[in-house]
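FYI, the numbering just counts along the sequence from 1.
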Amino acid sequence: MTPDLPIEFADEQLHVRMGIEITQWDVQEMIGTMPVKGNRQPFGLLHGGANAVLAEQLGSVASAMHASQFNCIAVGLELSCTHHRAAREGTVTGVARPIHLGRSTTTYEIVVTDEEGKRTCTARLTCLIRPKPPGA
């Protein structure tokens, strides 16, 4: 679960529906897993959009943790994904590490690997750091 989310929205979170679990919470290295089952495209392979969701989840949470020190929030600005090889079964693991941690933007590289440790996707996420909206 993502910290500080209103409980009424918990079952509406995309990462919950896709089975993403964050296993390590840190600004310098955010790690999470996602099952292939339930996240496949019509040919039985892990959907490329699922890789994008995993990458955005990890990079966004890490960016939000960074932004919190400025009493700000982080919102996605740009996401790019390169799909290197297919994942057909099991679980994939994403590791997000910062490329840039600033006061106005963050950029993370997220590497997704299969259970054999083979890279399946490389993503880059840039988030914009913004003041908290009123009432947040």
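- Looking only at side-chain heavy atoms (C-beta outward), K132 and N71 come within less than 4.5 Å of each other.
- Residues T126 and T107 have side chains that bring a donor and an acceptor to within less than 3.5 angstrom of each other.
- Under the 4.5 Å side-chain contact rule for hydrophobic residues, V95 and I20 do not share a cluster.
- Using modelled atom types, one finds a donor on one side chain and an acceptor on the other under 3.5 Å when comparing H84 with T122.
- Proximity of P133 to I73: side-chain heavy atoms (C-beta onward) are separated by under 4.5 Å at one or more points.
- The same ILVMFWY cluster, assembled from side-chain heavy atoms under 4.5 Å apart, contains both W25 and L101.
- Under the side chain to side chain contact (heavy atoms under 4.5 Å, CB included) rule, N39 has a single partner from M18, H47, R17, which is M18.
- The two residues L79 and A123 come nearest to each other via the heavy atoms CD1-CB, 4.3 Å.
- Between V92 and L54, the shortest heavy-atom distance links the atoms CG2-CD2, 4.1 Å.
- When all heavy atoms of C127 and A74 are compared, the closest pair comes out as CB-CB, 4.2 Å.
- Side chain of T106 to backbone of S63: no donor-acceptor contact under 3.5 angstrom is found.
- S60 contributes no side-chain N or O that, together with a main-chain N or O of Q57, makes up a donor-acceptor pair within less than 3.5 Å.
- V36 and F43 are members of different hydrophobic clusters when ILVMFWY side chains are connected at heavy-atom separations under 4.5 Å.
- Taking all atoms of both residues into account, the shortest heavy-atom contact from Q28 to P98 is O-CD, 3.2 Å.
- Checked by atom type and distance alone, the side chain of E56 never pairs as donor or acceptor with a backbone atom of V53 at under 3.5 Å.
- With contacts defined as side-chain heavy-atom distances shorter than 4.5 Å, the pair R124/S80 qualifies.
- With contacts defined as side-chain heavy-atom distances shorter than 4.5 Å, the pair T91/M34 does not qualify.
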Evaluate the criterion side-chain contact (heavy atoms from CB on, under 4.5 Å) for residue pair C121 and H83; output intermediate values, then yes/no. CA-CA 4 Å; C121 178; H83 307 288; 3.8 Å; yes
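- Proximity of K118 to R85: side-chain heavy atoms (C-beta onward) are separated by under 4.5 Å at one or more points.
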Where do T113 and T120 land on the side-chain contact (heavy atoms from CB on, under 4.5 Å) test, with the steps shown first? CA-CA 5 Å; T113 57; T120 60; 5.7 Å; no
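- Taken to the nearest 0.5 Å, the CD atom of E89 stands 11.5 Å off from the CG atom of L45.
- With rounding to the nearest 0.5 Å, the separation of CG in L77 from OG1 in T105 is 8.0 Å.
- The number of heavy-atom neighbours closer than 6.0 Å to CD of Q41, taken from other residues, nucleotides and ligands shown, is above 12.
- Taking the side chain as every heavy atom from C-beta outward, I22 and H15 never approach each other to under 4.5 Å.
- Other residues, nucleotides and ligands contribute more than 12 heavy atoms inside 6.0 Å of the CZ atom of R40.
- Put simply, the side chain of Y108 never gets that close to the backbone of A55: no donor and acceptor are under 3.5 Å apart.
- Side chain of Q24 to main chain of I31: no donor-acceptor pair is present (N/O by atom type, distance under 3.5 Å, no hydrogens or angles).
- Counting heavy-atom neighbours within 6.0 Å of E29 CD, excluding the residue itself, gives a total above 12.
- Transitive grouping of hydrophobic side chains (ILVMFWY, heavy atoms separated by less than 4.5 Å) keeps M30 and I129 in distinct clusters.
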